[in-house]
Structures are given as structure tokens and as C-alpha cells.
Amino acid sequence: QVQLVESGGGLVQAGGSLRLSCAASGRTFSSYAMGWFRQAPGKEREFVGVIGRIGRSGANLYYADSVKGRFTISRDNAKNTVYLQMNSLKPEDTAVYYCAADSGFRDYDSPSSYDYWGQGTQVTVSS
């Protein structure tokens with residue numbers, strides 16, 4: 001099993017920055033693709049971005065169009081941690097943010113593709 005714990009959420013002004021962390025248990029962290037999703041009240045969970053396994057040519061990265069150029073995902077396998085750096089935040093970014101683990105790397109923008117989920121951390125962006 002894999003356990004995930006998000007942290008780093010909070011209140012920030014529009015245009016500000018925030019970094020979220022997701023700590024994973026176990027020694028098999030490097031075998032999982034790690035995705036970030038978010039969910040606002042009354043809305044469905046939506047894809048934010050994903051980072052794949054680190055291989056010979058490095059990790060593959062994919063982002064939703066709504067965050068591309070503003071958000072950056074990275075991972076530190078030695079610390080079993082994945083990060084979501086969020087810059088130029090907008091009020092529309094307000095949501096609960098979740099990290100998730102997938103043993104594969106397919107249909108990465110679909111929540112149903114992920115096997116493990118964290119509890120979520122609240123991000124609120126004020127205008």
C-alpha cells in the first residue's frame with residue numbers, strides 16, 4: 001500500500017505563490033507516476049498535472065492548459081516527496097488540491113486511473 005499526505009495549502013493573494021508537498025510512504029515511490037488534481041465546491045475533480053517515473057531521459061511532465069506556464073511539478077525520490085509549485089495564482093485556482101499515485105502512466109488526466117489518494121489540502125486565492 002501507498003499512503004500520501006499533502007501539505008502547504010493556505011490563503012494567498014492573487015498573483016502570489018504557494019508550494020504544495022505530497023509525502024509518500026514506502027520505498028517504491030519511484031515506481032509511481034504522481035498526479036495533482038483539484039476540486040472546487042460543487043465542481044468535479046479536475047486534472048492539474050502529472051510527473052512520471054524518472055528514467056534514463058528524466059521524468060515526463062504534463063499539465064492542464066489552465067495552469068501551464070504557472071505551475072511546476074517536481075519530485076525528490078530520495079525524500080519520497082512530490083511538489084507542486086504554484087505561481088501567479090488566480091482566484092479561479094481556489095480548490096482543495098489532491099495528490100495521487102498511479103502504478104502506470106496512462107490516461108493520466110483521469111482520476112479513475114489513480115490507485116492512491118491523499119486527504120487534500122485547501123488553497124484559497126483572494127482578489
Side-chain angles (χ1 to χ4, degrees):
Q1 299 186 49
V2 176
Q3 292 182 315
L4 306 173
V5 180
E6 303 98 331
S7 63
L11 175 65
V12 64
Q13 289 281 334
S17 298
L18 210 59
R19 188 179 77 162
L20 305 184
S21 299
C22 176
S25 65
R27 294 183 176 182
T28 60
F29 173 74
S30 62
S31 299
Y32 290 86
M34 298 296 298
W36 284 96
F37 291 79
R38 65 187 184 186
Q39 188 166 25
K43 304 293 184 180
E44 66 181 12
R45 192 163 299 186
E46 66 173 339
F47 172 73
V48 174
V50 63
I51 184 168
R53 305 176 187 181
I54 297 178
R56 294 185 298 273
S57 59
N60 298 119
L61 290 162
Y62 300 95
Y63 299 96
D65 289 340
S66 60
V67 306
K68 193 174 299 181
R70 299 188 298 120
F71 291 10
T72 303
I73 299 173
S74 61
R75 66 190 299 167
D76 187 338
N77 288 338
K79 296 181 178 179
N80 285 351
T81 301
V82 63
Y83 304 95
L84 178 64
Q85 178 67 49
M86 304 183 293
N87 299 324
S88 302
L89 283 162
K90 306 174 181 179
E92 305 92 272
D93 295 318
T94 296
V96 176
Y97 283 71
Y98 300 89
C99 66
D102 180 12
S103 61
F105 195 61
R106 50 196 284 274
D107 299 324
Y108 54 79
D109 60 346
S110 175
S112 63
S113 297
Y114 293 79
D115 301 312
Y116 305 99
W117 292 84
Q119 83 287 352
T121 185
Q122 177 70 48
V123 172
T124 302
V125 184
S126 64
S127 59

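With sequence neighbours left out, the salt bridge (charged side-chain N to carboxylate O under 4.0 Å, His left out) criterion links Asp102 to no other residue. Under the rule for a side chain to side chain donor-acceptor pair (under 3.5 Å), Tyr98 has no partner lying at least two apart in sequence or in another chain. Taking Lys68 as the reference, Asp65 meet the salt bridge (charged side-chain N to carboxylate O under 4.0 Å, His left out) condition, with sequence neighbours excluded.
Going from atom SG of Cys22 over to atom CD of Glu6 covers 5.5 Å, rounded to the nearest 0.5 Å. The distance from the CD1 atom of Ile73 to the CE atom of Met34 is 9.5 Å, given to the nearest 0.5 Å. With values rounded to the nearest 0.5 angstrom, Tyr32 atom OH is found 9.5 Å from Leu4 atom CG. The distance from atom CH2 of Trp36 to atom CE of Met86, rounded to the nearest 0.5 Å, is 8.0 Å.
What you find for Gly35 and Tyr114 is that their closest heavy atoms are N-CE2, 3.7 Å. The two residues Gly120 and Val96 come nearest to each other via the heavy atoms CA-CG1, 3.8 Å.
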Contacts under 3.5 angstrom, residues 11-20 side chains, donor-acceptor by atom type, not counting sequence neighbours:
from	atom 1	to	atom 2	distance (Å)
Gln13	NE2	Ser126	OG	3.2
Ser17	OG	Asn87	OD1	2.9

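In this structure the side chain of Asp109 never reaches within 4.5 angstrom of the side chain of Glu46, judged on heavy atoms. Side chains of Tyr116 and Cys99 form no contact here, defined as non-hydrogen atoms less than 4.5 Å apart. Taking 4.5 Å as the limit, some side-chain heavy atom of Arg38 sits within range of a side-chain heavy atom of Ser66.
A continuous path of Ile, Leu, Val, Met, Phe, Trp and Tyr side chains, each step under 4.5 Å between heavy atoms, connects Val48 with Leu61, placing both in one hydrophobic cluster.
Residue pairs meeting the ring pair (Phe, Tyr, Trp, His ring centres under 6.0 Å) criterion with at least one member in residues 61-85, sequence neighbours excluded, are Tyr62-Phe105, Tyr62-Tyr108. Residue pairs meeting the salt bridge (charged side-chain N to carboxylate O under 4.0 Å, His left out) criterion with at least one partner in residues 74-90, sequence neighbours excluded, are absent.
Ser113 places a side-chain N or O within 3.5 Å of a backbone atom of Asp107 that can act as its donor or acceptor partner. Using a distance-only test at 3.5 Å, with no hydrogens or angles considered, a donor-acceptor pair links the side chain of Thr121 to the main chain of Gly9.
Environment of CD in Gln119: crowded, with over 12 heavy atoms of neighbouring residues, nucleotides or ligands closer than 6.0 Å.
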Problem set entry | Residues Gln122, Thr94; criterion side chain to side chain contact (heavy atoms under 4.5 Å, CB included); working and verdict | CA-CA 8 Å; Gln122 177 70 48; Thr94 296; 4.0 Å; yes
